[in-house]
Amino acid sequence: MRCIARCGSTNSELLNATPPDDDRVHVLVADEQTGGRGRRGRQWLSWPEGSLTFSSLWRFAPGAPVPAGLSLVAGLALARALEKLGLEGIQLKWPNDLLVHGCKLAGILVELLPGRGRTPAAIIGIGLNLRLPPEADIPEQGGVTDLHTEIPALPPREQLLAAILRELHAALDLYAMAGFGALRGAWQQRNAFADLPVRIFGEGSEIVGICTGVDEDGALLVRTDAGVVRVLSGEVSLRAA
Ligand code: ATP
C-alpha cells in the first residue's frame with residue numbers, strides 16, 4: 001500500500017505507473033485528490049479532511065476472461081464493510097454508486113489496464129464521503145450524504161480503510177474463483193431499484209421498464225413490453241422512471 005498527500009486521481013496514478021506483475025494487489029491512498037474522475041469524464045469531488053479516496057489494483061490469473069460486473073463487486077464489498085460499522089439503509093445503484101436513503105455516499109470507478117502482454121488487471125477506485133464541508137455543492141440529482149451524517153461515531157480513517165479493503169479483497173477472491181454469480185444474490189438484496197420502473201439512457205438509446213435485477217455477468221435486467229432486456233454497464237445511466 002502507498003499513501004500519498006495529493007494527486008490528481010488515484011486511478012490515473014495507477015494507470016500511468018503500474019506496479020510490477022508480482023505485485024498482485026496494490027493500493028494507493030491519497031489524502032487529497034484534486035482531479036477525481038467519475039464515468040465519462042465526470043468529476044468526483046473530494047476534500048482533504050472530508051473524503052476517503054483510494055484505488056486498488058487487482059490482477060487476475062493469466063488467461064482469465066475480461067472481468068464483468070466488477071463495479072458491482074466493489075459496491076457490494078463497500079456496502080458490507082459499512083454495514084459492519086453499523087450503517088443501515090445502504091442501497092446499491094447499478095452499476096457503480098452506493099446510496100443511503102437515496103442519497104449518494106460513495107462512487108466507484110473501475111478501469112481495466114490495457115494488456116501490454118501482462119496479466120490482466122483492474123483498477124478499482126473508490127471515493128467515499130466522510131464529512132462534506134458546508135460549502136460542498138455537488139450536482140447530484142438524488143442528493144448526497146456523508147458518513148458523519150449517517151453513523152454516530154466515525155471510525156478513524158485507517159480503520160475504515162482497513163475494513164473496506166478486507167471486504168473488497170475477500171469479495172474479489174470469491175469473484176475470481178466463482179464469478180459474479182456467487183455475489184449476485186447479495187447485490188440484489190441491496191438493489192436500489194428492485195422491481196421499480198427505470199429508464200436507462202445513453203449511447204443513443206433509451207430503455208424503459210421494470211428493473212428485475214442483475215444477471216450472472218452483472219448486466220442489468222429490465223422487463224419491457226418487448227421482453228427482458230439485458231443492459232451491460234457501458235456508457236449508460238440509470239434513473240427512476
Ligand atoms: P449516472 O447517474 O450516469 O449513473 P453516476 O452517478 O454513476 O452517473 P459517476 O460518473 O460515477 O456518476 O460520478 C460522477 C458524478 O457523481 C458527478 O457528476 C456528480 O453528480 C456526482 N458526485 C461528484 N462528487 C460527488 C461526491 N463527493 N459525492 C456524491 N456525488 C458526487
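Since the model is a prediction, treat every value here as computed from it, not as a measurement. In this chain, residues are counted from 1 in sequence order. Start at 1 and go down the list; that is how both ligands and their atoms are numbered.
Short contacts between ligand 1 and Asn129, defined as distances under 4.0 Å to a heavy atom of the residue, involve ligand atoms 26 (C), 27 (N), 28 (N), 29 (C). Taking every heavy atom of Asn96 and a limit of under 4.0 angstrom, the matching atoms of ligand 1 come to 7 (O), 11 (O). Listed by number with element, the atoms of ligand 1 under 4.0 Å from a non-hydrogen atom of Lys93 are 2 (O), 4 (O). Each of the atoms 3 (O) of ligand 1 lies under 4.0 Å from some heavy atom of Arg40.
The protein atom (non-hydrogen) at minimum distance from atom 10 (O) of ligand 1 is Arg39 N, 2.7 Å. For atom 19 (C) of ligand 1, the closest non-hydrogen atom of the protein is Glu140 OE1, 3.5 Å. When only non-hydrogen protein atoms are considered, atom 24 (N) of ligand 1 lies nearest to Leu45 N, 2.9 Å. Protein heavy atom closest to atom 3 (O) of ligand 1, with residue, atom name and distance, is Ser237 OG, 2.3 Å. Closest to atom 14 (C) of ligand 1, if we only count protein heavy atoms, is Gln43 O, 3.6 Å. Atom 22 (N) of ligand 1 has its closest protein heavy atom at Ile138 CG2, 3.5 Å.
Annotation: the span from Leu232 atom CG to Asp217 atom CG amounts to 7.5 Å, rounded to 0.5 Å.
Only the side chain of Asp97 comes within 4.0 Å of ligand 1, judged by heavy-atom distances. Contacts between Val144 and ligand 1, counted as non-hydrogen atom pairs separated by less than 4.0 Å, involve the side chain only. The proximity of Ile108 to ligand 1, defined as any non-hydrogen pair under 4.0 Å, does not occur for either the backbone or the side chain.
Residue Arg40 qualifies as enclosed at atom CZ: its count of foreign heavy atoms under 6.0 Å is above 12.
For Gln43, the side chain to side chain contact (heavy atoms under 4.5 Å, CB included) partners at least two apart in sequence or on another chain are Leu45.
Under a 3.5 Å cut-off, the side chain of Asp146 and the backbone N or O of Leu132 do form a donor-acceptor pair. A donor-acceptor pair is defined here as one N or O able to donate and one able to accept, closer than 3.5 Å; no such pair exists between the side chain of Arg199 and the backbone of Glu206.
Residues Pro95 and Ser71 come closest through the heavy atom pair O-OG, 2.9 Å.
Taking the six-membered ring for Trp and thresholds of 30 and 60 degrees, Trp58 and His169 have nearly parallel ring planes, at less than 30 degrees apart.
Here Arg131 does not pair with Glu49 in a salt bridge; the nearest charged N to carboxylate O distance is not below 4.0 Å. Using a cut-off of 4.0 Å between Lys/Arg side-chain N and Asp/Glu carboxylate O, Lys104 and Glu140 are scored as salt-bridged.
Inclusion of Pro139 in the set of residues having an N or O under 3.5 Å from an N or O of ligand 1 is warranted. Geometrically, ligand 1 and Leu238 share no nitrogen or oxygen pair separated by less than 3.5 Å. Ligand 1 has no nitrogen or oxygen under 3.5 angstrom from a nitrogen or oxygen of Trp47.
Side chain to side chain, Gln33 and Ser51 fail the donor-acceptor criterion of an N or O pair below 3.5 Å.
Taking a 4.0 Å cut-off on heavy atoms, Arg239 registers as neighbouring ligand 1.
Closest to atom 8 (O) of ligand 1 by heavy atom, among Gln141, Lys104, Arg42, is Arg42.
Applying the side-chain contact (heavy atoms from CB on, under 4.5 Å) test between Leu128 and each of Ile108, Leu105, Leu161 identifies Leu105 as the sole match.
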